[in-house]
Amino acid sequence: MSQNDHFNFLFSSEYKPQTISIDEEPVKIQDGDGNIILVPGKVKFDSGNDAGTAISEKLGNTLGLEPDSRKKRKVRVTGGDAIECKIVTIKLFIRKRQFTVNALFGAVASGTDLLVGMEIIKQLNGENFTLGI
């Protein structure tokens, strides 16, 4: 590949550095010991999720995160009834930006470990990021 071909590839319409993949975006998270690691599971950005960012019990336990049993919120999960969830504070790192959120512990759809909600997506949109494939 010539230098000119490389330049054209980087700036073609297919290369979208401001587009966040809803299903394949590498997201880092701080574990219970303070280490920042790549999320060891399935991450999904959900623009229809106004309930808030959520983490599966399996992922939360794997990371050694402790939900606050005194802080609970009732939410309706997709295709189900309302459930009461504990809250756990998590730190996420997306595109070199840090987000600290009170996540719903256990309120994710089957096959998802971390569901990124609108409270984070709105901030990313404010920095000209968009969601895509």
Side-chain angles (χ1 to χ4, degrees):
M1 181 181 282
S2 73
Q3 186 174 6
N4 193 37
D5 289 336
H6 183 71
F7 178 80
N8 287 334
F9 172 75
L10 287 176
F11 293 99
S12 74
S13 61
E14 294 177 23
Y15 181 69
K16 298 177 182 171
Q18 293 296 109
T19 302
I20 300 219
S21 172
I22 58 172
D23 289 316
E24 297 179 8
E25 186 70 25
V27 175
K28 293 184 178 180
I29 190 167
Q30 186 174 29
D31 69 14
D33 294 326
N35 302 307
I36 298 169
I37 60 170
L38 197 59
V39 173
K42 178 74 173 154
V43 177
K44 183 161 188 81
F45 285 74
D46 185 359
S47 61
N49 175 11
D50 287 323
T53 294
I55 187 169
S56 70
E57 289 183 23
K58 178 184 171 190
L59 179 57
N61 291 335
T62 297
L63 297 172
L65 302 176
E66 293 289 331
D68 187 340
S69 59
R70 297 168 298 167
K71 294 181 182 177
K72 296 179 183 177
R73 224 170 99 204
K74 203 170 223 178
V75 295
R76 184 170 305 279
V77 294
T78 305
D81 296 325
I83 61 170
E84 190 170 74
C85 294
K86 295 177 185 174
I87 303 296
V88 62
T89 302
I90 60 173
K91 286 185 184 177
L92 300 178
F93 301 84
I94 304 164
R95 300 283 178 108
K96 298 182 182 179
R97 288 147 183 83
Q98 178 180 320
F99 301 91
T100 302
V101 295
N102 290 323
L104 301 165
F105 193 76
V108 295
S110 178
T112 303
D113 296 294
L114 178 67
L115 189 66
V116 179
M118 284 304 295
E119 77 273 36
I120 292 176
I121 294 170
K122 285 178 185 175
Q123 291 178 60
L124 289 166
N125 287 342
E127 294 187 37
N128 296 317
F129 285 97
T130 58
L131 297 181
I133 296 176

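Side chains included, hydrogens not; waters and symmetry mates left out as well; all remaining heavy atoms used.
Taking every heavy atom of both residues into account, Lys72 and Glu84 meet most closely at CD-OE1, 3.4 Å. Heavy atoms only, all atoms of each residue included: Leu65 and Gly32 are closest at CD2-N, 3.7 Å. Closest approach of Ser47 to Met118, counting heavy atoms only: O-SD, 3.1 Å. What you find for Pro26 and Leu38 is that their closest heavy atoms are CB-CD1, 3.9 Å. The two atoms that bring Arg73 and Ile87 nearest to each other are CB-CD1, 4.1 Å, heavy atoms only. Of all non-hydrogen atoms in Lys91 and Thr100, the two that sit nearest each other are CG-OG1, 3.5 Å.
The backbone N or O of Lys42 lies less than 3.5 Å from a partner atom in the side chain of Asp113, making a donor-acceptor pair.
For the side-chain contact (heavy atoms from CB on, under 4.5 Å) with Ile90, the lone residue among Leu59, Asp31, Leu63, Thr53 that qualifies is Thr53.
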Sequence neighbours left out, cut at 3.5 Å: what donor-acceptor pairs do the side chains of residues 120-133 make with other protein atoms?
{"unit_1": "Gln123", "atom_1": "NE2", "unit_2": "Glu119", "atom_2": "O", "d": "3.0"}
{"unit_1": "Glu127", "atom_1": "OE1", "unit_2": "Arg97", "atom_2": "NE", "d": "2.4"}
{"unit_1": "Glu127", "atom_1": "OE1", "unit_2": "Arg97", "atom_2": "NH2", "d": "3.2"}

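Follow the hydrophobic side-chain contacts under 4.5 Å out from Phe45 and you never reach Phe93; the two are in separate clusters.
Side-chain contact between Gln98 and Gln30 is absent, with no heavy-atom pair separated by less than 4.5 Å.
Every residue two or more places apart in sequence or in another chain that forms a side chain to side chain donor-acceptor pair (under 3.5 Å) with Asp23 is listed here: Lys44.
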